[in-house]
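Just so it is clear, the structure is predicted and the values come from calculations on it, not from any experiment. Atom set for the values below is all heavy atoms of this structure, side chains included, hydrogens, waters and symmetry mates excluded. Every number for a ligand or one of its atoms is a count from 1 in the order of the listing.
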Amino acid sequence: MKTFDHMTTIEQMESDTAKLKEIACKVCAETWEDRNKSQTPHCKFGEDGICCKNCSMGPCRITAKAPRGICGADAHAIAGRNYLRTIAAGTASHSDHAREILHVLHSTSPDGSYKVRDEQKLLNLAKEWGVPTEGKDIYAVAHAVAEAGLEEFGKPFGFQRFIKRAPAERQKVWKEHDIEPRAIDREIATSLHMTHMGNTADAEVLVRQGLRTGLSNGWGGSMIGTEITDILFGTPTVRSTEGNLGVLEKDMVNIVVHGHDPAFSEMVVTAAEVKELVDYAKAKGSRGINIVGLCCTANEVAMRHGVRMAGNFLQQENAILTGAVEMMCVDVQCIFPALPALSDCFHTKFVTSSPIARIPGSIYVEFKTDTAFDQAKELIKMAIDNYQNRDASKLFIPESKNTAVVGYPCEQIIKHLDGVTNSHVDTLGSYRPAVDAIKAGVLRGAVGIVGCNNPRVRPDYSHFEIMKELLRNDILIVATGCAAQVATKAGLLNKDAKYLCGAGLRRVCELVDIPPILHMGACIDISRILLLVSGIAEDWGVATTQLPIIGCAPEWMSEKAVSIANYVVSSGIDVYLGIEPQVKGSSQMMELITEGTRKLTGAGYIINKEPHALVKSMIDGIEAKRAALGI
Ligand code: SF4
Ligand code: MSK
């Protein structure tokens with residue numbers, strides 16, 4: 001049988017990093033590995049979540065000798081409050097990103113920088129939200145929908161509009177347990193208020209508010225963000241691209257876009273196609289302009305333009321260490337404040353663009369919707385002018401790169417499933433073929449693998465080991481965020497990766513013509529996974545809790561990830577974590593997040609730092625769900 005012979009191993013990736021680290025030493029640059037060493041061992045109180053500084057009587061730390069803070073808060077209250085604050089911050093980040101995108105939609109005009117690309121999606125959303133469209137110009141509809149979306153953040157009454165998209169069973173659960181998400185800003189503010197000194201000290205109540213706040217992200221902010229981004233820049237479609245540091249080009253002007261909000265990167269990508277700029281880059285001695293992405297911005301532009309991906313979170317410094325980056329343009333979230341100093345060791349120009357992410361030492365160009373395109377063109381010109389400043393003695397671009405097929409939002413998944421069922425018209429436009437494959441056991445189940453990488457574990461290793469084992473066991477994977485980029489770097493987003501799969505999954509991949517890992521987008525697009533799982537549950541006629549479908553974040557690190565985990569658990573999907581949430585100092589909190597939430601939502605966390613043990617528990621979990629369904 002044919003084999004899959006172009007997988008990049010973790011060892012190869014680590015060898016590239018080691019060579020780049022030599023360059024770092026040569027230029028006296030510090031990297032996260034150095035800082036990680038000097039931060040280890042980490043503060044035990046912080047790690048266990050039992051340090052409180054919510055008032056200036058403290059900070060208070062919980063020990064056997066001092067089991068309560070000055071106000072009397074115990075370990076459970078303190079860990080619970082810290083946990084809820086983390087969820088609030090994560091929810092705020094995703095949702096504020098969505099708010100920015102709504103403002104971009106509000107700025108659209110036929111001759112402006114930003115236009116409406118997916119008119120049908122806009123009209124569908126207007127209908128869903130009751131926004132009148134008759135006799136209205138598409139841009140008037142866009143502005144009205146943007147206003148309706150912005151109201152989701154601060155409306156005084158009612159719940160998030162998108163919860164109506166969830167299965168009726170879920171909506172009932174949320175209502176019964178009083179965790180239906182209200183206005184997004186309200187859930188965030190309530191969480192901060194509850195955790196202020198002298199308020200809630202009951203861990204169970206704090207966890208419950210965490211679920212509701214998470215829901216205001218998943219079925220609120222994130223879903224709004226995804227939907228509006230599709231309207232503005234087009235709903236992603238399947239396309240080929242490449243990933244890993246080898247996408248940087250030795251003889252081109254390399255510009256890296258990094259962060260999360262595609263409003264900025266879309267303009268950079270579009271401006272890089274302007275003929276005068278391409279000609280200018282050639283006149284300056286290069287072969288042209290090469291835009292590549294990092295982190296979730298990479299996912300956004302890869303899915304819509306095929307822009308190649310330089311790597312994930314812990315690779316951001318590596319990109320600069322190649323000495324081949326003329327400019328790194330960042331927007332928001334997951335950007336190391338270390339980057340300007342590192343850029344100073346090379347010729348790289350480091351540009352920040354958002355008032356949300358100001359970093360000392362950067363060139364700050366605040367992006368405005370009305371001048372965005374011109375600003376992008378100016379930045380590209382600045383990058384081109386910088387090409388001549390490259391220092392050949394510091395140049396090292398690792399060769400590693402892999403091809404990838406990306407761009408599987410729900411619409412594309414359904415389209416592919418339709419392609420194999422055209423003789424059964426009643427299944428068209430549904431997930432029924434996938435349901436049938438799972439029922440028949442050809443597919444054992446599915447896993448959403450999401451999240452970052454993290455120095456607390458060997459970077460990318462857990463992702464990689466878990467992905468390979470799931471594929472071997474006929475379990476389909478959908479991936480977003482930096483997890484999707486591990487798969488890209490490894491080559492697992494190739495259709496050929498079917499040769500790593502069990503016979504059942506391989507057959508499905510062949511029949512549906514898909515890779516065994518479907519790239520569904522950025523972190524904010526985990527909202528797409530919510531809709532996918534809800535759609536499958538409805539087509540199957542069972543609750544989401546019954547499905548052999550689970551979530552996994554093997555190497556998560558951000559507050560957003562904790563918010564995500566909460567909306568996934570609230571949506572009835574078990575979440576397998578490879579990094580412990582920082583609540584270990586409270587036995588009650590540990591019980592609440594692993595078992596307690598099951599009484600409310602039917603799902604919880606399963607935590608194991610060891611990837612092989614974690615993936616075994618995932619497969620066992622999927623098989624247990626199958627057994628309970630009698631399949
Ligand atoms: Fe200490 Fe209580 Fe103040 Fe926290 S809120 S710092 S536990 S006194
Ligand atoms: S970029 S949140 S490191 S996935 Fe979305 Fe990656 Fe995690 Fe940021």
Side-chain angles (χ1 to χ4, degrees), residues 32 45 49-63 66-82 85-86 89-91 93-94 97 194-201 217 222 225-226 257-262 265 293-303 309-317 330-336 357 448-456 459-460 463 479-489 519-527 551-565 578-579 585-586:
W32 65 261
F45 296 99
I50 47 172
C51 171
C52 178
K53 55 180 187 61
N54 291 9
C55 87
S56 74
M57 292 192 283
C60 298
R61 305 184 306 181
I62 299 302
T63 62
R68 289 182 182 271
I70 294 167
C71 65
D74 62 11
H76 314 305
I78 292 174
R81 293 192 311 210
N82 289 338
R85 285 194 164 207
T86 301
T91 301
S93 304
H94 269 162
H97 165 173
M194 285 172 76
T195 54
H196 185 276
M197 192 271 155
N199 283 331
T200 300
N217 176 6
S222 279
T226 295
V257 288
H258 172 22
H260 282 77
D261 181 344
S265 48
L294 265 173
C295 278
C296 278
T297 292
N299 291 318
E300 298 275 7
V301 289
M303 292 206 303
M309 300 181 273
N312 51 358
F313 179 61
L314 287 176
Q315 216 158 319
Q316 53 188 291
E317 290 177 321
V330 303
D331 50 85
V332 293
Q333 301 168 15
C334 301
I335 300 146
F336 278 0
I449 304 194
V450 304
C452 331
N453 49 10
N454 187 328
R456 281 179 172 267
D460 294 341
H463 282 288
T480 62
C482 289
Q485 294 188 17
V486 179
T488 307
K489 292 193 290 184
H519 182 293
M520 289 191 80
C523 301
I524 205 160
D525 294 327
I526 297 170
S527 61
C552 176
E555 304 180 29
W556 69 274
M557 64 83 204
S558 77
E559 290 168 316
K560 290 175 289 177
V562 187
S563 175
I564 293 165
I579 304 281
S586 158

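Those atoms of ligand 2 with a heavy atom of G451 less than 4.0 angstrom away are 4 (S). Of all the atoms in ligand 1, the ones that sit under 4.0 Å from a non-hydrogen atom of R81 are 4 (Fe), 5 (S). For ligand 1, the atoms sitting less than 4.0 Å from at least one non-hydrogen atom of G58 are 6 (S), numbered in the order shown with element in parentheses. With ligand atoms numbered from 1 in the order given, ligand 2 contributes 1 (S) to contacts under 4.0 Å with heavy atoms of C295. Ligand 1 places these atoms under 4.0 Å from at least one heavy atom of C60: 1 (Fe), 6 (S), 7 (S), 8 (S). Close contacts of ligand 1 with M197, meaning ligand atoms under 4.0 Å from a residue heavy atom, involve 5 (S). Proximity to C523 (heavy-atom distance under 4.0 Å) selects the following atoms of ligand 2: 2 (S), 4 (S), 5 (Fe). Residue S558 has at least one heavy-atom neighbour below 4.0 Å for each of these atoms of ligand 2: 2 (S). Close contacts between ligand 2 and F313 involve ligand atoms 3 (S) [criterion: under 4.0 Å to a heavy atom]. Shown in contact with C71 at under 4.0 Å from a heavy atom are these atoms of ligand 1, numbered in order with element: 2 (Fe), 5 (S), 7 (S), 8 (S). If you number the atoms of ligand 2 from 1 as listed, the ones under 4.0 Å from a heavy atom of C296 come out as 1 (S), 5 (Fe).
With Q485 contributing its side chain and M309 its backbone, the two residues share no donor-acceptor pair below 3.5 Å. Without hydrogens or angle criteria, H258 side chain to F313 main chain gives no donor-acceptor distance under 3.5 Å. No side-chain donor-acceptor contact under 3.5 Å links N217 to the backbone of S563. N82 places a side-chain N or O within 3.5 Å of a backbone atom of G49 that can act as its donor or acceptor partner. Under the 3.5 Å distance criterion, the side-chain polar atoms of N54 are left unmatched by any main-chain donor or acceptor of H196. Remark: the backbone N or O of D261 is paired with a side-chain donor or acceptor of D331 at under 3.5 angstrom.
The residue from H519, M303, M520 that alone fulfils the side chain to side chain contact (heavy atoms under 4.5 Å, CB included) condition with D525 is M303.
Under the 3.5 Å distance criterion, with hydrogens and angles disregarded, no donor-acceptor pair is assigned to the side chains of Q333 and H97.
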Stepwise side-chain contact (heavy atoms from CB on, under 4.5 Å) check, M557 with I579: CA-CA 8 Å; M557 64 83 204; I579 304 281; over 6 Å; no

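Residue contact annotation: H196 has no non-hydrogen atom under 4.0 Å from ligand 1. Not a single heavy atom of A522 lies less than 4.0 angstrom from ligand 2. The closest approach between M557 and ligand 2 falls below 4.0 Å for a heavy atom of the residue.
For C334, every N, O or S atom stays at 2.8 Å or more from atom 6 (Fe) of ligand 2.
Residues N453 and Q315 fail the side-chain proximity criterion, which asks for heavy atoms closer than 4.5 Å.
For atom 7 (Fe) of ligand 2, the closest non-hydrogen atom on the protein side is C452 SG, 2.4 Å. Closest protein heavy atom to atom 3 (Fe) of ligand 1: C55 SG, 2.3 Å. The single protein non-hydrogen atom nearest to atom 1 (S) of ligand 2 is H260 NE2, 3.1 Å, given as residue, atom name and distance. At the top of the distance list for atom 6 (S) of ligand 1, counting protein heavy atoms only, stands C52 O, 3.4 Å. Counting only heavy atoms of the protein, atom 6 (Fe) of ligand 2 lies nearest to C482 SG, 2.2 Å.
Here C334 contributes atom SG and H260 contributes atom NE2; the two are 4.0 Å apart, rounded to the nearest 0.5 Å.
Summarising the local packing, CZ of R85 is surrounded by more than 12 heavy atoms from other residues, nucleotides or ligands at distances under 6.0 Å.
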